[in-house]
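The structure under discussion appears below in the form of structure tokens.
Order of the sequence lines sets the chain letters (A, B, ...), proteins ahead of strands, with each chain counted from 1.
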Protein chains: 2
Amino acid sequence: MTLQDRVHAAIRADILAGRFRPGQRLKIRDLAASLDTSPMPVRAALQRLVAEGALEAEALRSVRVPALSRAGLENLLPVRLALEGLAAEAAGARIDAAGIATLTAGVARMDQALGAHDFAAYLTENSQFHLTLYRAAGNPVLLRMIEQLWLQAGPAFTWLVTSDDLSPRLNSFHRDCLAALADGDGRAARAAIEADLRYFGQHLLMLLDLDPAHRNA
Amino acid sequence: MTLQDRVHAAIRADILAGRFRPGQRLKIRDLAASLDTSPMPVRAALQRLVAEGALEAEALRSVRVPALSRAGLENLLPVRLALEGLAAEAAGARIDAAGIATLTAGVARMDQALGAHDFAAYLTENSQFHLTLYRAAGNPVLLRMIEQLWLQAGPAFTWLVTSDDLSPRLNSFHRDCLAALADGDGRAARAAIEADLRYFGQHLLMLLDLDPAHRNA
DNA sequence: ATTTCTTATCTGTGATCACAGAATGCGTCA
DNA sequence: TGACGCATTCTGTGATCACAGATAAGAAAT
């Protein structure tokens, strides 16, 4: 693995973990210093993240972490419904017992995180659950697109959600999905995932309106 | 616009026009020489195209134009149906008279290309028609994803389709779509686009099986 | 005190160089 | 004649330097 791959992974993780403020400008030399490399691999990593939609660039300016906006979230939701719904339905026809066991364990860990009001752990487990499910669809082209969507949606999760937003209802959709998968009912699995995304998406929009700091853009 | 943007656009156009053979390795210094620049902007452009899914990279090796494969095309089709179907339906609710006029002109040009058995012109116009339609959906996130899909599908079009594959039926789906848009019927527009993609997709798979040169991978 | 113009600094882009791993060609041996 | 091994060449990666456009800071004028 090359150095720019490691740098890319590091910055990508920082974005997903919300370690950069939405709207923040990322400077090549600063990141290079903090990662203890030359500017070169950082330059490549940032350009790659821009191409993946995780950052936005204007010509001859520093790249920016996209600001949260109602329009952005509203545009994202239907695409997520279409792609993640498709993946869930395909997974329903292909997932095996081992896969269902993995997902069941994930749901248990999400219950635990909800009980402990640990929203960081919940978000991590939630992401694991969804991506494991979509991987089971066995379509690399589809999986790649979905990962790009999550990268774009990541900052919204970590910057808007707090412990107060965790409700037991969140995990009920995952349970519905799991039941559908056990029945081999792809259509029901899709419906459960779509309900999950809709519920969470509406919640994010509400949080955005409540939070004056992010109401801009 | 920076130099690497121009280089990116140039190579991207070469890929879409089929000026690179599927499976071909692209070397930084060769492209730099033919584009009369230093290797630097070429390096950046190639990395960007890899991130966009237009090229594939293995670590420490030259990037490759993806080889055509049945699995690749089969994975692409359901994603295209989901995303382009969504965009067509959204466009049905938002497109205005000027947009419909633009699309109508495009259909006329496709008829002309079909009559002249000019498959290059047909493919260009076809791409214009679809992207114009999807732009009318007014969802930048969605449009971005669809453009990535077309970039991945491009080589399959230009390398498998010949004049002998042009049939008047191809344009009938576009006409159906146009009629649906005029009625403001998004559902019907989606159905027409999906039928178009399915028909053309099946045709590509058949051509792939017929062509021994591309049956590999 | 505020605005504006000028200057100094910052920052991304492009070029050149050095290096390491991969690929290729050639010679040797069975 | 064919296969193996070595050496040369090729090729991507990473670092350093030069430059131009943008940004920010400071000084002068109203």
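Among the nucleotides dT13(D), dT11(D), dA15(C), the one closest to any side-chain atom of S62(B) is dT11(D). Across dT13(C), dG14(D), dT13(D), the shortest atom-to-atom separation from the side chain of T2(B) is found for dT13(C). Distance from the side chain of Q4(B) is smallest to dG14(C) among dG14(C), dT13(D), dT16(D). Ranking dA23(C), dT13(D), dA15(D) by closeness to the P41(A) side chain, first place goes to dA15(D).
Between L60(B) atom CG and dA20(C) atom C1' there is a gap of 9 Å when expressed in whole angstrom units. In this structure, CD of Q24(A) is placed 13 Å from P of dT11(C), rounded to the nearest angstrom. dT13(C) atom C1' lies 11 Å from atom CG of D5(B), rounded to whole Å.
Computed from C1' positions of five pairs at each end, the angle between the two local axes of the helix from dA1(C)-dT30(D) to dA30(C)-dT1(D) equals 10°, rounded to 10 degrees.
Residues satisfying the side-chain contact (heavy atoms from CB on, under 4.5 Å) test with E89(B), not counting sequence neighbours, are R187(B), R190(B). Contacts of P41(B) classified as side-chain contact (heavy atoms from CB on, under 4.5 Å), with partners at least two apart in sequence or in another chain: L3(B), Q4(B), V7(B), T37(B), S38(B). In this view, R43(A) satisfies the side-chain hydrogen bond (donor to acceptor under 3.5 Å, both in side chains) rule with no residue, not counting sequence neighbours. Judged as a side-chain hydrogen bond (donor to acceptor under 3.5 Å, both in side chains), and not counting sequence neighbours, N139(A) has no contacts.
For DNA chain C, the neighbouring residues in residues 26-34 of chain A, judged by any heavy atom under 4.0 Å, are L26(A), K27(A), I28(A), R29(A).
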